[in-house]
There are 2 protein chains.
Amino acid sequence: MTDSDIKDGPGPSAAPPGEAARQPYHHGELRPALIRSARALLEEDGLEALSLRAVARRAGVSRQAPYHHFADKHALLAAVATEGFRELAATSLARMQQAPDARARLNASGVAYVVFAAANPSLFQLMFGGLGGRFNQDEALNAARKDAFAVIRAASADVPAVSRGTPDLSAVAAWAFVHGLAELLNKGAIQPRDFGLADAEALADQLIR
Amino acid sequence: MTDSDIKDGPGPSAAPPGEAARQPYHHGELRPALIRSARALLEEDGLEALSLRAVARRAGVSRQAPYHHFADKHALLAAVATEGFRELAATSLARMQQAPDARARLNASGVAYVVFAAANPSLFQLMFGGLGGRFNQDEALNAARKDAFAVIRAASADVPAVSRGTPDLSAVAAWAFVHGLAELLNKGAIQPRDFGLADAEALADQLIR
DNA sequence: CTCCTGATCTTGACGCTGTCATGATCATTC
DNA sequence: GAATGATCATGACAGCGTCAAGATCAGGAG
């Protein structure tokens, strides 16, 4: 037995524990199901441990089935990352709507950024560079990332004291700051309790002033 | 032929193109040689493509030889990352020494951070989280990272206008800002030419004010 | 209805990976 | 000079991503 993988997925009539009691043959909604499986495995086992075969297994499908919906593993990951950017933009906007003035909105967008990263560490890692070189290759991904940044840019432009210089430069500065904070917290390089604070949100709230 | 790897390295008397015309059997300086090989491959092919077997091949040694000097692949990568943090701290200090006052020293340390990341993108990626979960496991790595941050902390503490609040919080803010800038540039999320600037150094210089 | 076509899913195979188990070689100490 | 521990090599294994080729199904044309 050189290869043959022993058992990659259950037979078409078994009930796998993970996600899907397979329909007879065609799945019907395999593409979104694969993205869901990937996200679940991502937060369970981390980005390094995420394999295309495991994603297919969890969706109750053969290891090659994903190739009918994604060009390769990176394309699947890019789709997951795209979804991540959309959610980031959405939660940022939601948080900003509860702020009284422009300054508070900018702060809220920053806190939202850090909170999102803390709540979805592996997804955040994937969103920024988890795909190695092919990071800027995917068009939908680029658009979603740009939209997410646009939220910060708009919030920054509304605060006169901040956007004194070139508005875009100010927005980039704000983005870089919250992004760096998110990354350092995410990787454990800094920890909220080292500063007597409970969680990432408290630290972000304290620093963004 | 199920396995047997065909040809992992040249025989003990061949001359591989890469790095080492092997001494007869014992290498003598294999540990640093492996770190050198890893760094070379890192910048040539990127972090994702770096395999322990390729590192061994380049050092002119069998695939199992590294295990006599490192517990596993992550331990090798941790050693490379540790070296990276030492160099980062060293180049930061070097740049700071050419600055006239405290404020300029802080700025210089920030520019040095971004320039280092731009000059060693894959190494920088490895230094921050390229090892997945085991990121905080290695003692030497933790110490080297702490030392690198200490450079920023010291520079920040010397600037009264900056360290008005809790000094450590101010230092973290400075770190987060330059780190985020380095990451965003590194991953291509922002590009200097989008702001009419030539390179990462120019952008960092512009923003750090 | 039958037949065909294209989409969807599966299985086989290949070379690559990290690493365990085991064997070979060497430098050093008794 | 023999023993021993450090160093290096080879065999083997399961898992990975993905190419190639076969099986199955749904829908429309005749």
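Between B:His69 and D:dC8, a side-chain N or O to OP1/OP2 separation shorter than 4.0 Å is present. The side chain of B:Arg57 contributes an N or O atom lying less than 4.0 Å from OP1 or OP2 of C:dT17. Taking side-chain N and O atoms only, A:Ser51 has a distance below 4.0 Å to OP1 or OP2 of D:dC16.
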Identify each donor-acceptor pair in which a side-chain atom of residues 187-196 of chain A lies under 3.5 Å from a protein atom, sequence neighbours left out, and give them as a table.
residue  : atom : partner  : partner atom : Å
A:Lys187 : NZ   : A:Glu183 : OE1          : 2.9
A:Lys187 : NZ   : B:Phe128 : O            : 3.4

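Following rounding to the nearest Å, B:Leu34 (CG) and D:dT7 (C1') show an atom-to-atom distance of 12 Å. Rounded to a whole Å, the CD atom of B:Glu48 is 14 Å from the C1' atom of C:dT17. Separating the CG atom of A:Leu52 from the P atom of C:dT17 is a distance of 19 Å, rounded to the nearest angstrom. At whole-Å resolution of the value, CD in A:Glu29 and C1' in C:dC9 are 16 Å apart. Distance, A:Gln64 CD to D:dC19 P: 8 Å, rounded to whole Å. The distance between atom NE2 of B:His68 and atom C1' of C:dA24, rounded to the nearest whole Å, is 11 Å. Following rounding to the nearest Å, A:Asp45 (CG) and D:dC16 (P) show an atom-to-atom distance of 11 Å.
Under 3.5 Å, the side chain of B:Arg63 and the base of D:dG11 form at least one donor-acceptor pair of N or O atoms.
Comparing C:dT19, C:dC9, D:dT18 by their closest approach to the side chain of A:Ala65 singles out C:dC9. Among D:dA20, D:dT10, C:dT19, the nucleotide with an atom closest to any side-chain atom of B:Tyr67 is C:dT19. Closest to the side chain of B:Val61, out of D:dG17, D:dC8, C:dT11, is D:dC8.
In this view, B:Asp138 satisfies the salt bridge (Lys or Arg N to Asp or Glu O under 4.0 Å) rule with no residue, not counting sequence neighbours.
Salt-bridge check for B:Arg95 with B:Glu201: passed, with a basic side-chain N closer than 4.0 Å to an acidic carboxylate O. Salt-bridge check for B:Arg39 with B:Glu44: failed, with every basic side-chain N at 4.0 Å or more from each acidic carboxylate O.
Nearest heavy atom pair, residue A:Ala108 against residue A:Met96, reads CB-CA, 4.1 Å.
Taking the centre of each ring, B:His179 and B:Phe124 come in below the 6.0 Å mark.
Looking at A:Asn136 and A:Arg145, their side chains do bring a donor and an acceptor atom within 3.5 Å of each other.
Against DNA chain C, the stretch residues 73-84 of chain A makes no heavy-atom approach under 4.0 Å.
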